[in-house]
**Student:** 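Sharing a structure here in structure tokens format.
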Amino acid sequence: MQEAVSNSDSSSIMKDWVNKYSDNMFSWALHKTSSKETAEDLVQETFLSALKSYDKFEGKSNPKTWLFSILNNKINDIYRSNFRTPVVNNFSDLTSFFDEKGQWEPEQRPLNWVGDSEHLLDNQEFQTTLSQCMHKLPQNWLSVVQLKYLEERNSQLICQELNISATNLWQILHRAKLQLRKCIEINWFKK
């Protein structure tokens with residue numbers, strides 16, 4: 001168990017940790033949230049939380065591990081918060097993709113993506129377009145997509161974390177993929 005540390009000692013230690021770990025933490029938060037401002041806020045909140053609960057840090061793990069654990073919890077809080085934000089859908093009505101029989105409307109039918117689509121994610125310009133399209137999704141849809149495909153979380157865990165049913169999860173993912181496909185076609189393949 002770590003000995004009691006005075007406030008000035010904990011402040012000094014925290015300053016050292018800020019110097020050592022803040023760049024890595026910012027990079028991680030930026031990767032997870034795709035927002036510079038959100039990443040900066042999350043890192044700051046992490047250090048504030050760590051300072052407030054420093055007396056609970058037992059020193060059994062590396063300080064970086066402890067700080068990243070706090071940061072990851074804060075990132076998850078952002079995902080949960082974004083998911084609970086009401087959907088404001090800037091996209092056209094989803095039913096416009098399909099006719100009354102559930103068939104693709106001719107003008108909505110997916111394009112055949114020609115070219116080297118296998119290596120699209122290696123293309124920085126495509127990554128920028130994909131990121132822009134992702135951020136056009138409603139926040140709660142974006143949270144689900146990030147958890148499923150960027151965090152590679154298990155669907156059951158996502159459902160538990162966001163308190164949604166498996167059916168709701170798959171419906172959100174389906175709708176999000178339709179919108180992403182359409183946005184990518186318009187902003188990448190048709191340009």
Side-chain angles (χ1 to χ4, degrees), residues 14-54 56-57 61-91 119-166 168-181 183-184 187-188:
M14 199 58 60
K15 284 180 186 176
D16 182 48
W17 288 358
V18 167
N19 290 330
K20 284 183 180 177
Y21 307 122
S22 61
D23 288 343
N24 286 339
M25 293 170 66
F26 173 77
S27 295
W28 180 250
L30 181 62
H31 169 72
K32 294 297 185 180
T33 64
S34 302
S35 167
K36 181 179 182 266
E37 294 79 17
T38 302
E40 289 170 346
D41 290 346
L42 286 168
V43 171
Q44 183 176 3
E45 290 172 20
T46 298
F47 282 115
L48 288 172
S49 292
L51 183 60
K52 287 178 186 173
S53 61
Y54 182 76
K56 295 177 185 164
F57 178 63
S61 65
N62 183 311
K64 183 177 180 180
T65 304
W66 184 60
L67 291 168
F68 268 83
S69 174
I70 296 169
L71 177 61
N72 283 327
N73 286 331
K74 294 199 173 292
I75 290 169
N76 288 336
D77 289 344
I78 292 285
Y79 287 150
R80 280 190 287 276
S81 172
N82 287 345
F83 184 78
R84 289 184 181 93
T85 303
V87 174
V88 177
N89 192 345
N90 297 326
F91 296 105
H119 299 284
L120 275 177
L121 292 176
D122 296 332
N123 183 317
Q124 186 60 45
E125 289 178 44
F126 177 78
Q127 286 182 18
T128 300
T129 300
L130 176 60
S131 178
Q132 290 168 346
C133 288
M134 286 180 64
H135 285 88
K136 289 180 182 179
L137 292 172
Q139 280 297 316
N140 56 356
W141 292 11
L142 177 60
S143 293
V144 171
V145 169
Q146 287 175 319
L147 288 169
K148 181 66 178 169
Y149 298 113
L150 300 181
E151 297 267 331
E152 298 181 347
R153 296 250 180 107
N154 174 297
S155 298
Q156 186 177 4
L157 292 175
I158 295 170
C159 291
Q160 288 173 351
E161 196 168 301
L162 298 177
N163 196 27
I164 60 175
S165 68
N168 194 3
L169 172 71
W170 292 111
Q171 184 179 45
I172 291 168
L173 287 172
H174 175 71
R175 290 178 175 175
K177 288 189 277 185
L178 284 173
Q179 297 302 342
L180 286 172
R181 179 196 56 81
C183 183
I184 290 167
N187 295 291
W188 180 258

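If you read the sequence from its start, that first residue is 1, and numbering goes on from there.
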**Student:** Which heavy atom in Ala29 sits nearest to a heavy atom in Leu71, and how many Å separate them?
**Tutor:**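 Between these two residues, the closest heavy atoms are CB-CD1, 4.2 Å.
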**Student:** Nearest 0.5 Å please: distance from the CD atom of Glu152 over to the CG atom of Leu147.
**Tutor:**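 Between Glu152 CD and Leu147 CG, I get 12.0 Å after rounding to 0.5 Å.
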**Student:** If I take atom CG from residue Asn154 and atom CD from residue Gln160, how far apart are they, to the nearest 0.5 angstrom?
**Tutor:**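 If I round to the nearest 0.5 Å, the distance is 8.5 Å.
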**Student:** Report yes if the side chains of Phe47 and Leu51 come closer than 4.5 Å at any heavy-atom pair, otherwise no.
**Tutor:**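 No, every pair of side-chain atoms sits at 4.5 Å or beyond.
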**Student:** Which atoms form the tightest heavy-atom contact between Met14 and Ala50, and what is the distance?
**Tutor:**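 Smallest heavy-atom distance, with atoms named: CE-C, 3.7 Å.
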**Student:** Which atom names give the shortest non-hydrogen contact between Leu30 and Ala39, and what distance separates them?
**Tutor:**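 Smallest heavy-atom distance, with atoms named: N-CB, 3.5 Å.
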**Student:** Minimum heavy-atom separation for Val144 and Leu173, please, with both atom names.
**Tutor:**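 Val144 and Leu173 have their closest heavy atoms at CG1-CD2, 3.6 Å.
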**Student:** Counting only heavy atoms not in Gln156, do more than 12 fall under 6.0 Å of its CD?
**Tutor:**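 Atom CD in Gln156 is not crowded, with 12 or fewer foreign heavy atoms closer than 6.0 Å.
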**Student:** I'd like to check Ile184 versus Arg181 (side-chain heavy atoms, cut-off strictly below 4.5 Å). Are they in contact?
**Tutor:**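 Not touching, per the 4.5 Å side-chain cut-off.
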**Student:** Would a distance-only check, ignoring hydrogens and angles, find a side-chain to backbone donor-acceptor pair under 3.5 Å from His174 to Trp170?
**Tutor:**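 Not confirmed, His174 side chain does not pair with Trp170 backbone.
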**Student:** Check the pair Lys136, Trp141 against side-chain contact (heavy atoms from CB on, under 4.5 Å), reporting the backbone distance first and the verdict last.
**Tutor:** CA-CA 10 Å; Lys136 289 180 182 179; Trp141 292 11; over 6 Å; no
**Student:** Among Asp77, Ile70, Ile75, exactly one meets side-chain contact (heavy atoms from CB on, under 4.5 Å) together with Leu42. Which residue is that?
**Tutor:**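 Testing each of Asp77, Ile70, Ile75 against Leu42, the sole residue satisfying side-chain contact (heavy atoms from CB on, under 4.5 Å) is Ile75.
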**Student:** Mind checking whether Arg153 and Asn76 have side chains closer than 4.5 Å, heavy atoms only?
**Tutor:**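 Contact flag for Arg153/Asn76 side chains = yes.
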**Student:** Between atom CG of Asn123 and atom OG1 of Thr129, what is the distance when rounded to the nearest 0.5 Å?
**Tutor:**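 Going from the CG atom of Asn123 to the OG1 atom of Thr129 covers 8.0 Å.
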**Student:** Any non-hydrogen side-chain atom of Phe68 less than 4.5 Å from a side-chain atom of Lys64?
**Tutor:**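 Yes, at least one pair of side-chain atoms sits under 4.5 Å.
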**Student:** Enter the distance from Thr38:OG1 to Glu45:CD here, rounded to the nearest 0.5 Å.
**Tutor:**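 Between atom OG1 of Thr38 and atom CD of Glu45 there are 9.5 Å.
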**Student:** Ser143 side chain to Gln139 main-chain N or O, any donor-acceptor pair under 3.5 Å?
**Tutor:**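 Yes; at least one donor-acceptor contact below 3.5 Å.
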**Student:** Heavy-atom distance under 4.5 Å between the side chains of Gln179 and Arg175, does that happen here?
**Tutor:**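 Answer no - side chains too far apart.
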**Student:** Which atom names give the shortest non-hydrogen contact between Leu137 and Leu142, and what distance separates them?
**Tutor:**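 Between these two residues, the closest heavy atoms are CB-N, 4.3 Å.
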**Student:** Considering only heavy atoms from C-beta outward, does the side chain of Val43 approach that of Tyr21 to under 4.5 Å?
**Tutor:**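 Val43 vs Tyr21: side chains apart.
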**Student:** Distance check, rounded to the nearest 0.5 Å: Leu180 atom CG versus Asn187 atom CG?
**Tutor:**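 Answer for the CG-CG pair, Leu180 versus Asn187, is 11.0 Å.
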**Student:** When rounded to the nearest 0.5 angstrom, what is the spacing between CG in Leu48 and OG in Ser53?
**Tutor:**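 Here the interatomic distance stands at 10.5 Å.
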**Student:** Determine, stepwise, if the pair Met25 / Leu67 fulfils side-chain contact (heavy atoms from CB on, under 4.5 Å).
**Tutor:** CA-CA 8 Å; Met25 293 170 66; Leu67 291 168; 4.1 Å; yes
**Student:** Could you check whether any side-chain heavy atom of Ser69 comes within less than 4.5 Å of a side-chain heavy atom of Asn73, counting everything from C-beta outward?
**Tutor:**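 Yes, close enough: below the 4.5 Å cut-off.
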**Student:** Using every non-hydrogen atom in the two residues, find where Lys32 and Gln146 come nearest and quote the distance to one decimal.
**Tutor:**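 In this case the closest contact between Lys32 and Gln146 is O-NE2, 3.5 Å.
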**Student:** Do Met134 and Tyr149 make a side-chain contact, defined as non-hydrogen atoms from C-beta onward lying under 4.5 Å apart?
**Tutor:**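 Heavy-atom side-chain distance check fails, nothing below 4.5 Å.
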**Student:** Run Asn168 and Leu162 through side-chain contact (heavy atoms from CB on, under 4.5 Å) and show every step you take.
**Tutor:** CA-CA 11 Å; Asn168 194 3; Leu162 298 177; over 6 Å; no
**Student:** Parallel, tilted or perpendicular: which one describes the rings of Trp17 and Tyr54, with boundaries at 30° and 60°?
**Tutor:**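 Rings of Trp17 and Tyr54: tilted, 30 to 60°.
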